[in-house]
Q: 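One structure follows; several queries about it will come next.
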There are 2 protein chains.
Amino acid sequence: MALEHAILVSLLEKPGSGYELARRFERSIGYFWTATHQQIYRVLKRMTSDGWVDVRDVQQYGRPDKKEYSVAGPGRDALGAWLQEATEPESVRHDLAVKVRGAAFGDPAALITEVERHRQAHTDRLAHYLTGEARDFGEPTAGGPLDAERELQHVVLRGGMAYERMMIAWLDDVLATLAGLDAGR
Amino acid sequence: MALEHAILVSLLEKPGSGYELARRFERSIGYFWTATHQQIYRVLKRMTSDGWVDVRDVQQYGRPDKKEYSVAGPGRDALGAWLQEATEPESVRHDLAVKVRGAAFGDPAALITEVERHRQAHTDRLAHYLTGEARDFGEPTAGGPLDAERELQHVVLRGGMAYERMMIAWLDDVLATLAGLDAGR
DNA sequence: TCTTCCTATGCACCTCGTTGCATAGCAACG
DNA sequence: CGTTGCTATGCAACGAGGTGCATAGGAAGA
């Protein structure tokens, strides 16, 4: 289970509440690891009782109070150990690939709309990444030594962009194939 | 849940037993949808009672008898309906991306071995795909009209190859970034 | 005042997925 | 004859993940 570790990384980058974590999992972190607020609250509870994180009640004005979590020593140790642990390459789940192979037994042309919908979603996400890259990494490192955190966030973002570009190109390939089947019958 | 649909597609391509399906999920299908034999047997049971598939006892000699499953009318209908249904783009789970961002808070150099291990796995898988492509799609369609099933299987395979190539290139990017951090401190 | 919306946390329930184990037929080998 | 290994099916239990719902404070606007 890597959700715990994803939370540790996010809290090391910046301490925050369960609610704030949930929103981070809708943006930056969520592009390579998804989680609902339910999962996050549940795991934070376990991590607290395991001593991986510390909690601090924070009073707020104009909005409900919150609990701010930050990484404790044992949590940092656990993350360090996990980093060197061998993890199996993630199991893939591409329902669109299932649909494409399934189209052979239905109407291939009927799948086109769905493929175009996915292509649009990937195009949007790529545009979002590019905006974020220009905002966060547009200028060279602002003096000082290499900032490891910044460099590593950037290389992960480049991975996300490479994935979206690959998907868009593949979906174009799929659309061309579907169109070819439609024309050829 | 798309496991049912993945099984339907696999059974339409070729009827078979739960055991045979489990082995297919370790190869071709398994590259974009994973499942253990437990899941498969459980889902086949439900699909049978829902009338999506038919069962046939097959006596075998030199090995235990088996149950051969094939797709029934309602199963084919369910697949057709699902193909046109809007499916959300699959939720991604890239533990390696979590590790890369986490490396900022540990020793970036310690991650290199793990990244190289993943790179090797993707290289191996790409080589496996290329072998399969040469074997199954090396020669142009053997006469007759365009074979939809074959074309669609090929485009899915091309997607798998594009994914592996993208991952290898990204992992090289990650390795260069990690090496740069190591040299620059 | 009433409704709507956002922040913030959490419970209950259900499904999906994984692990471990059990059973059984048959083949091959020492 | 016993062990090992492959084919073939399945149960039991657990943990992960997701959906729906509940609660509660406060802001903003009709």
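Letters A, B, ... are given to chains in the order of the sequence lines, protein chains preceding strands, and every chain is numbered from 1.
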Q: Quick one: what's the B/S/- string for nucleotides 23-30 of chain C, heavy-atom cutoff under 4.0 Å, read 5' to 3'?
A: --BSS---
Q: Using the rule given for side-chain contact (heavy atoms from CB on, under 4.5 Å), can you reason through A:Leu21 versus A:Leu44, listing the C-alpha separation, both sets of side-chain angles and the distance that settles it, and then say yes or no?
A: CA-CA 10 Å; A:Leu21 282 170; A:Leu44 278 175; 4.0 Å; yes
Q: Roughly, in whole Å, what's the span from NE2 in A:His5 to C1' in D:dA16?
A: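 Checked: the NE2 to C1' distance equals 15 Å.
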Q: Within this structure, what is the CD-to-P distance between B:Glu26 and D:dT7, rounded to whole angstrom?
A: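 So the two atoms are 10 Å apart, to the nearest Å.
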Q: Which label fits B:Trp52 and B:His5: parallel for a plane angle under 30°, tilted from 30 to 60°, or perpendicular past 60°?
A: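 Because their plane-to-plane angle lies in the 30° to 60° range, the rings of B:Trp52 and B:His5 count as tilted.
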Q: If you assign each of B:Arg93 and B:Tyr69 to its closest nucleotide in DNA chain D, which residue comes earlier from the 5' end?
A: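 Result: B:Tyr69.
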Q: Taking all atoms of both residues into account, what is the closest heavy-atom pair of B:His118 and A:Thr87, and its distance?
A: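 Where B:His118 meets A:Thr87 most closely, the heavy atoms are NE2-O, 3.1 Å.
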Q: Once you round it to whole Å, what is the distance between C1' of D:dA8 and CG of B:Leu21?
A: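 So the two atoms are 13 Å apart, to the nearest Å.
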Q: Using a heavy-atom distance cut-off of less than 4.0 Å, which residues of residues 34-43 of chain B contact DNA chain C?
A: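 Output list: B:Thr36, B:Gln38, B:Gln39, B:Arg42.
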Q: Taking only side-chain nitrogens and oxygens of B:Lys45, does any of them come within less than 4.0 Å of OP1 or OP2 of D:dC11?
A: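 It does, given that an N or O in the side chain of B:Lys45 lies less than 4.0 Å from OP1 or OP2 of D:dC11.
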Q: So, does A:Tyr19 get its side chain near the phosphate of C:dT9, meaning an N or O under 4.0 Å from OP1 or OP2?
A: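 Indeed not, no polar side-chain atom of A:Tyr19 lies that close.
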Q: Please find out if less than 6.0 Å separates the ring center of B:His128 from that of B:Tyr31.
A: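 Yes, the ring centres sit under 6.0 Å apart.
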Q: B:Lys66 has a side chain; which of D:dT9, C:dT7, C:dC16 sits nearest to it?
A: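 Closest nucleotide among those given: D:dT9.
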